Amino acid sequence: MKKTKKSKDFYDKVYQVVRSIPYGRVTSYGAIAKFIGSPQSARMVGWALNVSHKVQPPVPAHRVVNRNGLLTGRSHFAGNYIMEDLLKSEGVEVENNGIVDFEKKYWEPSNNSLRSNDN
DNA sequence: GCGGTGACGAAGC
DNA sequence: AGCTTCGCCACCG
């Protein structure tokens, strides 16, 4: 009964990592892609997040921004304000479509964090 | 089955 | 320093 995971594995990993993002933290597509094993496949991460809205438990895609810290995918949410509003609600300051102190808020995916949240 | 596209990223110009 | 091209691979027509 092998199911030939194919790309499903990639998607699943993306969701796992994104869900593991701590409150008030953000990460980048490339970081997730790299963590998965395809550092150049950052686009696939974005595509995975594109369908993440129908995945459950819900994936906090608003915590995922590009490597610049810009909210590039905000227009893919229910509203253009959703992503920014959610981030602000979590204590992440957003200005000019970008995350303030992105380096401080930046969270890098790690296997340790997937098992238990102990930073 | 192929070409165009994409919530990215890095390199090239 | 800003724009363009390539790569990556899955999805859509």
Side-chain angles (χ1 to χ4, degrees):
Chain A
M1 76 186 219
K2 296 288 242 347
K3 300 173 58 172
T4 39
K5 297 180 179 180
K6 291 197 276 192
S7 58
K8 203 61 186 310
D9 182 60
F10 189 94
Y11 279 53
D12 184 60
K13 286 180 179 174
V14 174
Y15 302 144
Q16 289 294 314
V17 174
V18 177
R19 287 195 209 113
S20 301
I21 301 174
Y23 183 93
R25 291 290 174 105
V26 293
T27 191
S28 64
Y29 305 96
I32 297 170
K34 191 172 186 177
F35 173 74
I36 291 171
S38 301
Q40 307 298 28
S41 302
R43 307 174 114 165
M44 305 294 84
V45 178
W47 195 257
L49 292 177
N50 188 30
V51 284
S52 66
H53 71 95
K54 68 178 183 183
V55 182
Q56 54 183 241
V59 179
H62 60 274
R63 292 181 186 155
V64 184
V65 295
N66 69 355
R67 119 98 152 114
N68 276 313
L70 300 177
L71 283 56
T72 50
R74 73 178 195 181
S75 46
H76 287 258
F77 285 82
N80 293 324
Y81 58 95
I82 300 293
M83 189 173 188
E84 183 177 330
D85 185 57
L86 285 169
L87 288 171
K88 287 181 179 177
S89 299
E90 297 186 356
V92 180
E93 299 178 67
V94 179
E95 186 173 278
N96 190 17
N97 248 7
I99 295 177
V100 182
D101 294 324
F102 177 62
E103 296 180 33
K104 292 182 181 178
K105 306 296 184 181
Y106 186 73
W107 174 86
E108 185 178 0
S110 59
N111 288 305
N112 190 19
S113 299
L114 290 175
R115 292 165 180 261
S116 62
N117 188 0
D118 181 67
N119 190 18

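Protein chains get the first letters and strands the later ones, always in sequence-line order, with residue 1 at the start of each. Nothing here was measured: the structure is a model prediction, and the numbers come from that model.
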Please classify the nucleic acid contact of A/Ser41 as base, sugar-phosphate, or nothing, using heavy-atom distances under 4.0 Å. sugar-phosphate
Expressed in angstrom and rounded to an integer, what is the separation of A/Asn68 atom CG from C/dG2 atom C1'? 13 Å
I'd like to know whether CZ of A/Arg19 has more than 12 heavy-atom contacts from other residues, nucleotides or ligands below 6.0 angstrom. yes
Quick one: which protein N/O atoms are closer than 3.5 Å to N/O atoms of nucleotides 10-13 of chain B? Pair and distance per line, please.
from	atom 1	to	atom 2	distance (Å)
B/dA10	OP2	A/Arg67	NE	3.1

Using only side-chain N and O atoms of A/Tyr11, determine if any of them is under 4.0 Å from OP1 or OP2 of C/dC11. yes
Quick one: which of B/dG6, B/dG9, C/dC11 gets closest to the side chain of A/Tyr29? B/dG9
Has the side chain of A/Arg43 got a donor or acceptor that lies under 3.5 Å from a partner of the other kind on the base of C/dG7? yes
Between NE2 of A/His76 and P of B/dA7 the distance, given in whole Å, is 4 Å
Protein-nucleotide distance (A/Trp47, atom CH2; B/dG9, atom C1'), rounded to Å: 18 Å
Atom pair distance, as rounded to whole Å: CD1 in A/Ile32 and C1' in C/dC8: 16 Å
Tell me what A/Ala61 touches on the nucleic acid: a base, only sugar-phosphate, or nothing, going by heavy atoms under 4.0 Å. base
Rounded interatomic separation in angstrom, taking CZ from A/Arg74 and C1' from B/dA7: 13 Å
Would you kindly give the CG-to-C1' distance between A/Asp9 and C/dC9, to the nearest whole Å? 14 Å
Separation of C/dC8 atom P from A/Phe35 atom CZ, nearest Å, is 22 Å
Can you tell me how far P of B/dG6 sits from CG of A/Asn50, to the nearest Å? 11 Å
Supply the atom-to-atom distance A/Ile82 CD1 to A/Leu71 CG, rounded to the nearest 0.5 angstrom. 12.0 Å
Verify the contact: side-chain N or O of A/Thr72 to OP1 or OP2 of B/dC8, cut-off strictly under 4.0 Å; return yes or no. yes
Looking only at the side chain of A/Met44 (C-beta and beyond, no hydrogens), which of the listed nucleotides B/dA7, B/dC8, C/dC9 gets closest? C/dC9
Measuring from atom OG of A/Ser52 to atom OH of A/Tyr11, what distance do you get when rounded to the nearest 0.5 angstrom? 10.5 Å
